[in-house]
2 protein chains.
Amino acid sequence: MANQAAGKGNSIRACNQARILVAAEAVFAEAGFHGATTASIAARARLPKANIHYYFGTKGALYRAVLANILDLWLGALDAIDVSRQPADALGDYIRDKMYWSRTRPNASKVFANEILHGAPQLGGYLANELRRRVDQKAAVLRHWVRRGLMDPVDPVHLIFSLWAMTQHYADFEVQVRAVLGRKRLSDADFAAGADTIVKLVLDGCGVRQGRAAAVARARLKA
Amino acid sequence: MANQAAGKGNSIRACNQARILVAAEAVFAEAGFHGATTASIAARARLPKANIHYYFGTKGALYRAVLANILDLWLGALDAIDVSRQPADALGDYIRDKMYWSRTRPNASKVFANEILHGAPQLGGYLANELRRRVDQKAAVLRHWVRRGLMDPVDPVHLIFSLWAMTQHYADFEVQVRAVLGRKRLSDADFAAGADTIVKLVLDGCGVRQGRAAAVARARLKA
DNA sequence: GTCTATATATGGATAGAC
DNA sequence: GTCTATCCATATATAGAC
């Protein structure tokens with residue numbers, strides 16, 4: 001009887017926790033940490049307010065759980081920038097990947113942006129450690145491509161900042177993008193046009209040599 | 001007597017209002033609208049809390065006053081993109097101008113970013129009207145340069161989004177930039193390196209023809 | 001015109017019934 | 001394990017003394 005209750009309880013638990021996390025991400029994205037209320041999160045999750053505290057203890061703990069989910073997403077994205085690949089493919093894929101997340105998970109991007117905007121009180125350690133190390137690795141990859149003559153000498157870390165800025169803009173500043181484009185909702189075509197523009201800016205802006213041009217650059221380096 | 005009192009009162013009034021506005025911009029930037037408290041704004045302005053309400057009525061009215069100040073700043077920046085100028089100069093100046101504001105008025109940028117991030121409840125009208133019209137004008141200028149062969153065909157509106165995103169990133173995501181660069185404080189040199197990277201990305205990314213190359217492009221168009 | 005002291009509302013958190 | 005009812009801290013706003 002206890003086991004059955006526990007089994008059923010765990011199932012309800014997992015389901016309710018997931019519902020709360022989804023609702024919380026949306027509410028934190030819309031209103032920020034202080035603007036979000038446990039009542040509004042509960043209402044969106046269609047659960048009584050006390051359940052929020054039952055499952056996550058405090059509003060702060062729930063917020064940290066939402067952030068942890070988002071970091072999992074963010075960590076994977078930089079994988080595209082791999083030294084074994086062609087810079088054009090790697091950078092193009094990374095940009096389109098980030099735009100995919102801006103389109104499909106705008107709330108995740110907004111919660112992250114809000115956290116950074118207000119001084120990263122929860123993520124300070126993550127930025128200074130995991131993220132910094134990861135960016136340093138990817139900067140080394142970009143420097144390698146520069147040395148091999150596959151792209152112009154561009155400051156790799158500032159380039160990465162620009163990649164983040166341009167792609168996340170479509171999630172974080174979505175209201176402004178919609179207003180300026182005169183759209184009620186951003187379409188897939190809008191995101192594609194944005195991605196194309198960013199890819200061209202970055203590939204031409206970094207002087208990325210593709211195909212025959214890359215081969216010529218390699219040959220020149222050997223001579 | 002009444003005049004003297006009024007004169008003195010107006011002077012104190014102007015001074016206190018200005019102090020409150022400066023303090024409010026900083027607190028709204030750090031904490032967002034809901035996170036900011038009238039008490040913390042008053043403390044930063046070194047005035048009693050009740051003065052905030054005496055001068056601005058409500059917290060919301062004070063917030064709108066801060067936003068209005070920021071829009072004055074923002075409106076001027078796009079002036080650099082003028083049809084009578086060379087695209088390289090215009091785009092370069094615009095980028096360096098925006099970076100200047102990110103460096104010297106990061107709080108203004110953060111308050112604006114926070115407002116947009118959370119759906120622009122106050123600025124929705126401004127975005128759909130003034131800003132949209134202004135972007136449309138500047139997009140026409142960029143299209144003109146494209147037609148004259150001075151730069152590659154690039155979607156002008158998405159290009160403007162990227163310009164905003166890359167430059168404002170250094171104010172809005174300053175904590176992340178600092179953490180990744182391993183700085184306690186961003187130096188003028190850091191901002192200069194960022195600006196140089198963005199200028200190169202944009203000028204080369206848009207295939208902006210300068211000097212002799214521009215003359216060749218013009219000659220080709222005539223032939 | 002300035003500021004202290006307070007009214008009122010909201011929201012985070014919890015006790016205790018079911 | 002779930003939820004109603006309630007406590008208490010915080011924050012906006014104001015009344016009224018100076």
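What's counted below: heavy atoms across the whole structure, side chains too, no hydrogens, waters or symmetry copies. Labels below follow one simple rule: chain letters A, B, ... track the order of the sequence lines, proteins then strands, and each chain is numbered from 1.
Taking atom NE2 of residue A:His34 and atom P of nucleotide C:dG11, one finds them 14 Å apart after rounding to whole Å. Distance NZ (B:Lys59) to P (D:dT12): 5 Å, rounded to an integer number of Å. Note: CD1 (B:Ile52) to P (C:dT2) measures 12 Å, nearest angstrom. Rounded to an integer number of Å, the gap from A:Arg19 CZ to D:dT2 C1' is 13 Å. C:dA13 atom C1' lies 16 Å from atom CZ of A:Phe56, rounded to whole Å. Taking atom CG on B:Asn51 and atom C1' on D:dT14, their separation rounds to 13 Å, with Å as the unit.
Taking each heavy atom of B:Asp172 and B:Ala113 in turn, the nearest pair found is OD2-CB, 3.5 Å.
Regarding contacts with the backbone of C:dT2, a side-chain N or O of B:Tyr55 is found under 4.0 angstrom from either OP1 or OP2. OP1 or OP2 of D:dG1 has at least one side-chain nitrogen or oxygen of A:Tyr54 nearer than 4.0 Å. For D:dA13, one of the phosphate oxygens OP1 or OP2 lies less than 4.0 angstrom from a side-chain nitrogen or oxygen of B:His53. Look at B:Asn16 and you'll find a side-chain N or O under 4.0 angstrom from OP1 or OP2 of C:dT2.
Looking at B:Gln122, its side chain never comes within 3.5 Å of a backbone N or O of B:Glu115 through a donor-acceptor pair. Between the side chain of A:Arg183 and the backbone N or O of A:Leu181, at least one donor-acceptor pair lies under 3.5 Å. In this structure, the side chain of A:Lys59 engages the main chain of A:Phe33 through a donor-acceptor pair within 3.5 Å.
Residues B:Asn114 and A:His118 have side chains that bring a donor and an acceptor to within less than 3.5 angstrom of each other.
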Measure all distances between protein nitrogen or oxygen atoms and nitrogen or oxygen atoms of nucleotides 16-18 of chain D, and list the pairs falling under 3.5 Å.
none

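Residues B:Leu67 and B:Leu123 have side chains in contact (heavy-atom distance under 4.5 Å, counting atoms from C-beta outward).
Using the six-membered ring where Trp is involved, B:Phe161 and A:Tyr170 have ring planes that are perpendicular, over 60° apart on the 30 and 60° scheme.
Proximity of residues 37-50 of chain B to DNA chain D (heavy atom under 4.0 angstrom from any strand atom) is restricted to B:Thr37, B:Thr38, B:Lys49, B:Ala50.
Considering A:Val157, A:Asp155, A:Ile160 as possible partners of B:Thr197, the one that fulfils the side-chain contact (heavy atoms from CB on, under 4.5 Å) test is A:Asp155.
Taking B:Ala24 as the reference, B:Phe28, B:Ile41, B:Leu62, B:Val66 meet the side chain to side chain contact (heavy atoms under 4.5 Å, CB included) condition, with sequence neighbours excluded.
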